[in-house]
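One structure below.
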Amino acid sequence: MTRIAIVGVAGRMGRTLVNAVLQADGATLAGGIVEPGSTLVGADIGELAGVGSLGVSAVDSLEAIVDDFDVLIDFTAPQVTLSNLAFCAERGKRMVIGTTGLSDEELAELDGYGEKLPFVFAPNMSVGVNLTLKLLETAAKALGDEGYDIEVIEAHHRHKVDAPSGTALKMGEVVAESLGRTLKEHGVFERVGQCGPRTDKEIGFATVRAGDIIGEHTVMFATEGERIEITHKASSRMTFAKGAVRAARWVADQDKGRYAMQDVLGLTDRV
Ligand code: NAD
């Protein structure tokens, strides 16, 4: 039985994760952590998640429940995640990280923890998105050098704080890598005013923020006469939460290292 704690348990993903852990075989809910000083400290995390009392109170430090959990699931914010990695590395814990919006420096710091603890890091934990990445690789290899313009369009709810989404960036990276390009050189993240016509090799990103959209991503391959669009739409956060719980159960048996959802899903070809 994998004992799972959830940090950011009062957040949108945190509350969904409570439900996902309760529904999963082979996993138990060992604790929930809210922001230090939050008025929710002491609240029952089942009540927070809308599933009724579970007899587990929210705490505001990992130390308070350190003996109770094996794997920490973290969907919070970059600096919070990095400090949780330091704690878990020191205390022999494992992690599943869904936080997005890390800077290059923060990603490099996260990478370094691969030598210190086992953890899964994925900008999107849904099985469907990870399959979509494989489809994109195939499409890019077939079309990318044949005069097809590539654009990535994503839409999310009005509360999302980073843009483009981690998933959109991952999709762009997979396409770019398949074509020997890089997002640093070929990614175009802003078009405004007299920006001129698009260049052949650029990979453009467009972001929509509106209402309660859970997460939609389309990669467009367009040329004169036709357009192919590969789209993934999430209609519930449960898809991410279920993937995260699956990752938590999987990482409980792994050696130190940084892993991707591809590893969890047993896709030998990593993208
Ligand atoms: P949210 O703002 O609803 O939740 C984040 C929670 O973290 C908040 O409740 C906040 O109080 C809490 N928090 C902040 N600092 C904390 C601390 N020091 N200790 C404990 N808790 C703390 O946001 P959300 O929509 O749940 O998304 C969270 C992150 O997950 C974002 O980066 C988002 O992009 C990402 N996300 C990833 C996936 C995926 O599949 N990988 C899916 C959805 C969202």
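Just so it is clear, the model here is predicted, and its values are computed rather than measured. In each ligand, atom 1 is the first atom listed, and ligand 1 is the first ligand listed. The first residue of the sequence shown is numbered 1, and numbering continues consecutively from there.
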query: Does the side chain of His217 reach to within under 4.5 Å of the side chain of Lys170, using non-hydrogen atoms?
result: no
- line: Of Thr239, Thr100, Thr76, the residue with the heavy atom nearest atom 7 (O) of ligand 1 is Thr76
task: Would you please name every residue forming a side chain to side chain donor-acceptor pair (under 3.5 Å) with Gln79, sequence neighbours left out?
output: Glu106
Heteroatom distance test (Gly11, ligand 1): nitrogen or oxygen, under 3.5 angstrom: yes
message: Looking only at protein heavy atoms, which one is nearest to atom 12 (C) of ligand 1, and what is the separation?
response: Gly8 CA, 3.8 Å
query: Starting from atom 13 (N) of ligand 1, which protein heavy atom do you reach first, and at what distance in Å?
result: Glu35 CG, 3.4 Å
- request: Return the residue, atom name and 0.1 Å-rounded distance of the protein heavy atom closest to atom 26 (O) of ligand 1.
  value: Met13 N, 2.8 Å
- request: Side-chain contact test, heavy atoms from C-beta onward, threshold under 4.5 Å: evaluate it for Lys242 versus Gln23 and give yes or no.
  value: yes
- request: Quick one: look at Ala122 and ligand 1, take heavy-atom pairs under 4.0 Å, and tell me if it's side chain, backbone, both or neither.
  value: backbone
- request: Could you tell me if any non-hydrogen atom of Ser126 lies under 4.0 Å from any atom of ligand 1?
  value: no
field: Min N/O separation Gly98 to ligand 1 under 3.5 Å
entry: yes
message: What I want to find out is whether Glu63 reaches Arg91 closely enough, with some N-O distance under 4.0 Å, to be called a salt bridge.
response: yes
task: Starting from atom 40 (O) of ligand 1, locate the nearest protein heavy atom and write down its residue, its atom name and how far away it is, to 0.1 Å.
output: Met125 N, 2.9 Å
message: A quick test of your reading: do over 12 heavy atoms of other residues, nucleotides or ligands sit less than 6.0 Å from NZ of Lys93?
response: yes
- prompt: How about Arg227: does its CZ atom have over 12 heavy atoms from other parts shown lying under 6.0 Å from it?
  reply: no
field: ligand 1 contacted by Arg237 (non-hydrogen, < 4.0 Å)
entry: no
- request: Would you check if Arg237 and Ile214 make a side-chain contact, meaning some heavy-atom pair closer than 4.5 Å?
  value: yes
task: Return yes when atom NZ of Lys160 has more than 12 non-hydrogen atoms of other residues, nucleotides or ligands closer than 6.0 Å, and no otherwise.
output: yes
- prompt: Would Arg94 and Thr2 count as a side-chain contact (heavy atoms from CB on, under 4.5 Å) if you check the C-alpha gap in whole Å, the side-chain angles of each, and the deciding distance to 0.1 Å?
  reply: CA-CA 11 Å; Arg94 288 137 200 273; Thr2 307; over 6 Å; no
task: Check Val34 against ligand 1 and report side chain, backbone, both or neither, counting heavy atoms closer than 4.0 Å.
output: backbone
message: I'd like to know if Ala10 contacts ligand 1, where contact means a heavy-atom distance under 4.0 Å to any ligand atom.
response: yes
Numbered atoms of ligand 1 (with element) below 4.0 Å of Lys160, judged on heavy atoms: 34 (O)
- line: for atom 5 (C) of ligand 1, nearest protein heavy atom and its distance come out as Phe75 O, 3.8 Å
task: Salt-bridge test for Glu47 and Arg15: reply yes if a basic N is under 4.0 Å from a carboxylate O, no otherwise.
output: no
task: Answer with side chain, backbone, both or neither: which part of Val80 has a heavy atom less than 4.0 angstrom from an atom of ligand 1?
output: side chain
- prompt: For ligand 1, is there an N or O atom under 3.5 Å from any N or O atom of Pro123?
  reply: yes
query: Can you tell me the protein heavy atom closest to atom 1 (P) of ligand 1 and the distance?
result: Arg12 NH2, 3.8 Å
message: List the residues meeting side chain to side chain donor-acceptor pair (under 3.5 Å) with Asp255, not counting sequence neighbours, and say none if there are none.
response: none
